[in-house]
Asks: 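Handing you a structure now.
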Amino acid sequence: MLDRHFYDRPVLAVARDLLGVTVRHGPVALRVTEVEAYGGTDDPASHARRGPTPRSRVMFGPPGHAYVYFVYGMHWCFNVVCGPEGTAAAVLIRAGSVCPPRPERDITGLDAPARSGSAGRVDLPGAAGPGAPRIEPNVDGPPPSGPGLPGWASGPGRFARALGVDGGYTGADLTGPGPLSIHRGTPIDDTAVGHGPRVGIRVGTDLPYRLWLLGEASVSRARSVRPR
DNA sequence: TCAATGATAGGCT
DNA sequence: GCCTATCATTGAC
């Protein structure tokens, strides 16, 4: 399991090294294929840009903890706090592939986190309102693609759903004995890493803070931007 | 291309 | 305390 020293580094270095790792939640294991870095109060696209707020406070805390937020009224996004405490940097996990890739074996496992109740949850004020929906992976009909297929954890909302995490996991220690942890994967060569602008944001789009594994089918495809 | 859907945070009274 | 724009997205059409 990756320890605190792994996360206690500059956000871009952590983002780069999170590619290829395995995120585990109970029986679910997802290999990270795409990430985005959000760096502190100088990043106009970061939730921490205005300083600590009830929502962003966990970003200012120690590295190696989860930051899971609710967006667009229906989706959860899973982040990993990194960098020295106080820098408020985090890495958004945008996509992953089911690991090991044995769909017929993973289907049964995906229900387990939702059934495990409050284990691993950390109730922090501001993490999510009591009315926010609890995530229920694999119970609301067929996804765009089934477990084990490339689209199952493609996109931050789908990744969080496939993993089975929601706002209750904000503040969870990823380096401790809890059910949520991250493990080193096979080494990734620099030639296998693509980088470019982050997506889904309106500011800070000039920064090449999105990193992905080249050739991975689960990586987000560019989407036409809706003008306002 | 666009609607769904609700938390968040700033601005104002 | 209230109002409003915005939002690190997704799936249906």
Side-chain angles (χ1 to χ4, degrees), chain A residues 11-12 14-15 18-19 23 32-60 65-83 87-96 123-146 149-163 165-171 195-212 218-228:
Chain A
V11 60
L12 280 175
V14 178
L18 280 173
L19 291 173
V23 182
V32 173
T33 60
E34 181 185 3
V35 299
E36 280 181 356
Y38 288 86
T41 53
D42 291 335
D43 182 354
S46 171
H47 288 172
R49 66 190 180 281
R50 302 181 206 280
T53 66
R55 178 173 69 165
S56 69
R57 188 171 59 248
V58 68
M59 290 182 69
F60 290 81
H65 290 246
Y67 168 43
V68 189
Y69 66 89
F70 191 60
V71 73
Y72 292 112
M74 59 193 90
H75 301 296
W76 294 101
C77 292
F78 175 66
N79 296 250
V80 179
V81 176
C82 59
T87 55
V91 175
L92 169 68
I93 310 299
R94 286 194 59 89
D123 286 327
L124 295 176
R134 292 301 192 189
I135 202 156
E136 296 289 343
N138 200 29
V139 297
D140 52 357
S145 59
L149 298 178
W152 179 241
S154 176
R158 290 189 204 155
F159 183 92
R161 186 179 67 171
L163 189 63
V165 298
D166 57 31
Y169 287 82
T170 286
H195 59 88
R198 295 170 293 188
V199 298
I201 56 176
R202 297 180 58 79
V203 293
T205 54
D206 54 321
L207 301 170
Y209 284 0
R210 183 166 76 102
L211 306 173
W212 63 89
S218 58
V219 170
S220 304
R221 292 165 60 181
R223 196 167 182 148
S224 62
V225 177
R226 172 172 35 144
R228 297 202 185 190

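Treat the numbers as computed from the prediction; the structure is a model and nothing was measured.
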Asks: Round to the nearest Å and state the distance from A/Phe159 atom CZ to C/dA8 atom P.
Replies: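 Result: 19 Å.
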Asks: In whole angstroms, how far is the P atom of C/dT10 from the CH2 atom of A/Trp152?
Replies: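 Taking atom P of C/dT10 as the reference, CH2 of A/Trp152 is at 13 Å.
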Asks: To the nearest 0.5 Å, tell me how far A/Leu211 CG sits from A/Arg198 CZ.
Replies: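 A/Leu211 atom CG to A/Arg198 atom CZ measures 10.5 Å (nearest 0.5 Å).
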Asks: Let me know the distance between NE2 of A/His47 and C1' of B/dG10, rounded to the nearest Å.
Replies: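 Taking atom C1' of B/dG10 as the reference, NE2 of A/His47 is at 15 Å.
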Asks: Check this for me: does the side-chain of A/Tyr72 come within 3.5 Å of the base of B/dA4 through a donor and an acceptor?
Replies: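 In this structure, the two groups form no donor-acceptor pair.
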Asks: When the distance from CZ of A/Arg55 to P of B/dA7 is rounded to whole Å, what number comes out?
Replies: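 Rounded to the whole Å, the gap is 12 Å.
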Asks: Check whether any side-chain heavy atom of A/Leu12 sits under 4.5 Å from a side-chain heavy atom of A/His195, and report yes or no.
Replies: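 A side-chain contact under 4.5 Å is absent here.
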Asks: Once rounded to the nearest 0.5 Å, what's the spacing between atom NE2 of A/His47 and atom CZ of A/Arg55?
Replies: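 The distance works out to 4.0 Å.
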Asks: Would you say whether A/Tyr38 stacks on C/dA8? The test is a distance between ring centres of less than 5.5 Å and an angle between planes of less than 30°.
Replies: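 Answer is yes, a stack.
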Asks: Return no unless some side-chain N or O of A/Arg94 is found under 4.0 Å from OP1 or OP2 of C/dA8.
Replies: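 So the side chain of A/Arg94 is outside the cut-off, no N or O lying under 4.0 Å from OP1 or OP2 of C/dA8.
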Asks: Per the side chain to side chain contact (heavy atoms under 4.5 Å, CB included) rule, which among A/Asn79, A/Val58, A/Thr170 passes with A/Tyr69?
Replies: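 So, applying the side chain to side chain contact (heavy atoms under 4.5 Å, CB included) to A/Tyr69 and each of A/Asn79, A/Val58, A/Thr170, only A/Asn79 qualifies.
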Asks: With respect to the side chain of A/Phe70, which nucleotide from B/dA9, C/dA8, B/dA7 is positioned closest?
Replies: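 Nucleotide nearest to A/Phe70's side chain: B/dA7.
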Asks: Whole angstroms only, please: what is the CZ-C1' distance between A/Arg158 and C/dA12?
Replies: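 To the nearest whole Å, that distance equals 13 Å.
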Asks: Does A/Val165 form a side-chain contact (heavy atoms from CB on, under 4.5 Å) with A/Trp76? I'd like the steps, not just the answer.
Replies: CA-CA 8 Å; A/Val165 298; A/Trp76 294 101; 6.0 Å; no
Asks: Could you tell me how far apart A/Met74 (CE) and B/dA7 (P) are, to the nearest whole angstrom?
Replies: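 Going from A/Met74 (CE) to B/dA7 (P), I get 12 Å.
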Asks: Side chain of A/Arg158, backbone of A/Ser154: donor and acceptor closer than 3.5 Å?
Replies: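 Judged by distance alone, yes, a pair lies under 3.5 Å.
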Asks: Should the heavy atoms of other residues, nucleotides or ligands under 6.0 Å from CZ of A/Phe159 be counted, would the total exceed 12?
Replies: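 Check passes, neighbour count above 12.
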Asks: Of the candidate nucleotides B/dA4, C/dA8, C/dG11, which contains the atom at the shortest distance from the side chain of A/Met59?
Replies: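 Output: C/dA8.
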Asks: Just to be sure I understand the rule, does A/Leu92 reach a base, reach only the sugar-phosphate, or reach nothing, if contact means heavy atoms closer than 4.0 Å?
Replies: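 Base contact.
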Asks: Looking only at side-chain N and O atoms, does A/His75 come under 4.0 Å of OP1 or OP2 in C/dT10?
Replies: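 The answer is no; no side-chain N or O of A/His75 sits under 4.0 Å from OP1 or OP2.
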Asks: Just the rounded figure in Å: distance from C1' of C/dT9 to CD1 of A/Ile93.
Replies: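 These atoms are roughly 16 Å apart.
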Asks: Just compare C/dT9, C/dA8, B/dA9 and give me whichever is closest to any side-chain atom of A/Ser46.
Replies: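 Shortest atom-to-atom distance from the side chain points to C/dA8.
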Asks: If you check the A/Arg50 side chain, which of B/dG10, C/dG11, C/dA8 turns out closest?
Replies: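 It is B/dG10.
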Asks: Report the distance from atom CD of A/Glu34 to atom C1' of C/dT9, rounded to the nearest whole Å.
Replies: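 Whole-Å distance recorded here is 13 Å.
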Asks: Could you provide the dot-bracket string of DNA chain C, using ( ) for intrastrand pairs, [ ] for crossing pairs and | for bases paired to another strand, with Watson-Crick or G-U pairs below 3.5 Å?
Replies: |||||||.||||.
Asks: Please check the phosphate of C/dA8 (OP1 and OP2 only) for any side-chain N or O of A/Arg202 closer than 4.0 Å.
Replies: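 For C/dA8, OP1/OP2 do not have a side-chain N/O of A/Arg202 under 4.0 Å.
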Asks: Would A/Glu36 and A/Val199 satisfy side-chain contact (heavy atoms from CB on, under 4.5 Å), going step by step from the backbone distance to the final call?
Replies: CA-CA 9 Å; A/Glu36 280 181 356; A/Val199 298; 3.5 Å; yes
